Amino acid sequence: MNVPHSDLRELWLVQSRDCATEPQVLDYDKARFILSVHAGHGSGCRQYLAASAYCFRRAVDK
C-alpha cells in the first residue's frame, strides 16, 4: 500500500467520517485506509463493513 498524500488522507477522513453511511467509491488504498480508521467500531460501522468486503472480494479474485 502506498501512503497517500496528506491532502488525500484529509479528504478520505472527511468522506468517511459517518459510520452510518457506506463509502461511495472504493479502491484498494482507500479501503485499507478506511479499515485502519474505523477498526474497532463494531458491526454497526458501515464504512468498515464496506471496506472489509471490498478487500475480501479483491483477495478472492486474485
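Because the structure is predicted, anything quoted here is derived from the model rather than measured.
- To the nearest 0.5 angstrom, Glu22 atom CD is 14.5 Å from Tyr54 atom OH.
- A distance-only check finds a donor-acceptor pair linking the side chain of Arg17 to the backbone of Val14 [under 3.5 Å].
- For the residue pair Cys55 and Arg32, the shortest heavy atom distance occurs at SG-CD, 3.9 Å.
- The distance from the CG atom of Leu26 to the CD1 atom of Ile34 is 5.0 Å, given to the nearest 0.5 Å.
- Here the side chain of Ser16 pairs a donor or acceptor atom with the backbone of Trp12 at under 3.5 angstrom.
- Among residues two or more places apart in sequence or in another chain, the salt bridge (Lys or Arg N to Asp or Glu O under 4.0 Å) test is passed with Glu10 by none.
- Leu35 and Leu13 are assigned to two separate hydrophobic clusters, defined by single-linkage of ILVMFWY side chains at heavy-atom distances under 4.5 Å.
- Contact between Ala50 and Pro23 at its shortest, heavy atoms only, is CB-CD, 3.5 Å.
- Under the 4.5 angstrom side-chain criterion for Ile, Leu, Val, Met, Phe, Trp and Tyr, the cluster partners of Phe56 are Val60.
- Taken to the nearest 0.5 Å, the OG atom of Ser36 stands 10.5 Å off from the CZ atom of Arg9.
- Gln47 places a side-chain N or O within donor-acceptor distance of the main-chain N or O of Thr21, the cut-off being under 3.5 Å.
- Taking both residues in full, the closest heavy atoms of Leu49 and Ser43 are given as CD1-O, 3.2 Å, listed atom of the first, atom of the second, then distance.
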